[in-house]
Asks: 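The structure is given below, and queries will be raised subsequently.
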Amino acid sequence: MTENAKTLKFEQFGSAKDDCMSVEMTRAAHQPGTALVYRTHFSTHAPELRRKAAEQFSAWLGSKGLPITADSLLHGASAETVATDGTQRTARGSTATFVDRGRQRELRAVALRLTERFRDGSVWTTSLTVATPVVAEQGTLFTDPAREPQQLFELTPDTTLWPEQPWVWLDLEHLPADGSPIRPGSPRLVRDLLATVEGTDGALPLTSDVLDITENHVNELRGWLFDTTRRVPVIVFTPDPAHPDAQERFANRLARDVAGVAVVVRLVDVAAASAFSRSVGPHLQVYGGAMRTYLPGLQPNEPFPKRHRVLSAATMRALGPRAANAVRDQVLSLSTRRTPPSSYPMVQLLLARKSAHRRRTEGLQPARRPTSHQPALIDVQPEQATLPGLDERLPGDQDITLTPSVATHEANVALRTVLGAAGVDLSAVLPTTPRSNTQSVEAEHRALQQVVLGLASSARSAAADLAQDSMLTSKLAESEETNTLLYAEIEVLSDQLREQQKSVSEVESLRFEREFAELELTEAEREADRLRARIRWLETELAKSGQHVFGVESPKDSLPDPPASVADAIEFAPIHLPYLELGDTAQTAADLDVHPQGERWAIKIWQALVALNDYARARSTGAWSNSFHAWCQAPPPGSAAIPTTWVALKESETTDTMPKLRTARTFEVPIAVDPSGMVYMAPHIKIQQGGSPCPRIHFHDDAGGQTGKVYVGYIGDHLPTANFA
């Protein structure tokens, strides 16, 4: 027993509780509230894959204080331990083999599982499934009778479902005690497996290390990016001469956290970065110390380049240590959307049916023979439904013929001896002596005969009951086996249904986002058309007064072009917006940059900040005396504003009165604004109306007060509410 274990239980499969391992594993893996937080699927050509996976799983369990050997796991064993901190860990294993003799091939599978229940009520579940197809080179490969038997109910060896090459599938699920599930990064088990079996995703090698790319290896990197079979993102870092050490730490940490679900590469120098930019073209290039995530499905003539997000060096510096976490969470979220390979349901069913086969085999053991040293009166075999007649030999050394012609004292003594040796109570039958008359001897003989007849009747009845029980036991075993298989098939179908429902939910979410984006685009196009019409009218009016400005380039404005990232907007604000004061919000703002809509949010955030600055300038100088909402309804000529639908000057009553929610919206301000140095900032700007993330800007308006400024306390995802704390 390990030092950190209070109890350790080790048992073989075969009981009703632990037998159907794959069904129980699947059922337990989908407890209400459980969230899939990590999923990896990769191929490998490593020999002895099942054993290597079991060895790595065993070593991983040992590091957690749960010693169980790889051989035990491969023989369907389970182990359980309770650590000193109250954590309960349960590990189980199951293997199965299916032989398709018609095509001379074999499918081997193993399922390994660890469930960790912590004292706070949270549960972590790690499920590892390995499938290894084997094709015979000779027809005699599968003729060995010692090999595992075929399953009771024939699996359909559908060519489309049979795996083309060995694969490894690992799911990590989290049932939180409270709050939302967390994404801790890749499990150490995955990193150990990849170091042992060299997994690949298409042609892309999977590793937990950063791959350094020189100029000579750029073509190889390009091949990985445009590989149509690639299913994981590739994250490319360009050289950052100003902060090389910080970038190296960032890349190494990220590579470790996304092992198995993404690959991190680094262009080692300017020559490699230049060669890479020339190789992928200007629409897919990355430079200046930035990082770019190339999603699966990348095409040389990519129709949507912005889908492959760029994270600037400025954003990474603004995020600091949280940069790797932000990117990691996005990549891990993408990994959970992967659908299982087509052979996955077949492997699940194979494992479940092997458990059913084990249950049937162990449930039909022959009945035990009597172990007493005394001879049995009647030897009944389990399959017998009738008994021998009374004229047959009873267990013993003498022949006893039960007819009145041999009703002698000696025959009665012999019969008493046999019955007594069998443990029969003869106290009710009065014994005779050698001097007894013939009538007494015959009476004793008839009484002994009645005892034998009674015993025979009881034995015949017991044999009939035993035969009936044996038939019922056999039928019960068959029924339990059928139920087990039905449960297994139901769980396999339920898994497929869950995956389909998840896909439907994701499609519905994307549909909502698309509809919302279309509404925003329509509104933007309508506003742009209105502004173009106004420009034409103004140019016409100017021409009437002799000022011809049509075709003349506008003078450079003091404001920069809209920023490409939220981090850039935060950096630009102190330089170009003097009537705004931004609080400590750089990190929460930069978190938005890792999302596909980050650039669009950056533009809208910048528009909102410029409008707040123009409003504060006018309010502080006395040119405007109303609220920011009123400003946006009717902005003065030449002033920046945003749609009024973006602006909310108050929160709900629940948010205003609930201390936890109110505290989340309280931010620092100068003492000149409030003596406490903190202000509850209910006014906010809705950068996006719905979805997740749902960016918000919270501000405090002191433009008409002592400081004459607007204070922005928060830029980031929607703050907690009563329904989503």
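Note that the structure is a prediction, hence the values are computed from the model and not measured. Index from 1, following the sequence.
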Asks: How long is the span from the CG atom in Leu612 to the CD atom in Gln607, to the nearest 0.5 Å?
Replies: 12.0 Å

Asks: Do the ring planes of Trp124 and His174 sit parallel (below 30°), tilted (30 to 60°) or perpendicular (above 60°)?
Replies: parallel

Asks: Counting only heavy atoms not in Phe118, do more than 12 fall under 6.0 Å of its CZ?
Replies: yes

Asks: Do Val610 and Leu577 make a side-chain contact, defined as non-hydrogen atoms from C-beta onward lying under 4.5 Å apart?
Replies: yes

Asks: Parallel, tilted or perpendicular for Tyr615 and Trp631, by the 30°/60° rule?
Replies: perpendicular

Asks: Could you tell me how the ring of Trp169 sits relative to the ring of His41: parallel (under 30°), tilted (30 to 60°) or perpendicular (over 60°)?
Replies: tilted

Asks: Could you pull out the closest heavy-atom pair between Arg89 and Lys64, with the gap in Å?
Replies: NH1-O, 3.6 Å

Asks: Take atom CG in Asp120; do more than 12 heavy atoms of anything else shown fall under 6.0 Å from it?
Replies: yes

Asks: Would the number of heavy atoms belonging to other residues, nucleotides or ligands and lying under 6.0 Å from CD1 of Ile671 be above 12?
Replies: no

Asks: With a 4.5 Å heavy-atom cut-off, do Leu298 and Arg230 have their side chains touching?
Replies: yes

Asks: Are Phe237 and Met316 side-chain neighbours, meaning at least one heavy-atom pair lies under 4.5 Å?
Replies: yes

Asks: Indicate whether any N or O donor in one side chain lies under 3.5 Å from an N or O acceptor in the other, for Thr707 and Asp702.
Replies: yes

Asks: Using side-chain heavy atoms (C-beta onward) and a distance below 4.5 Å, is Ser186 in contact with Val258?
Replies: no

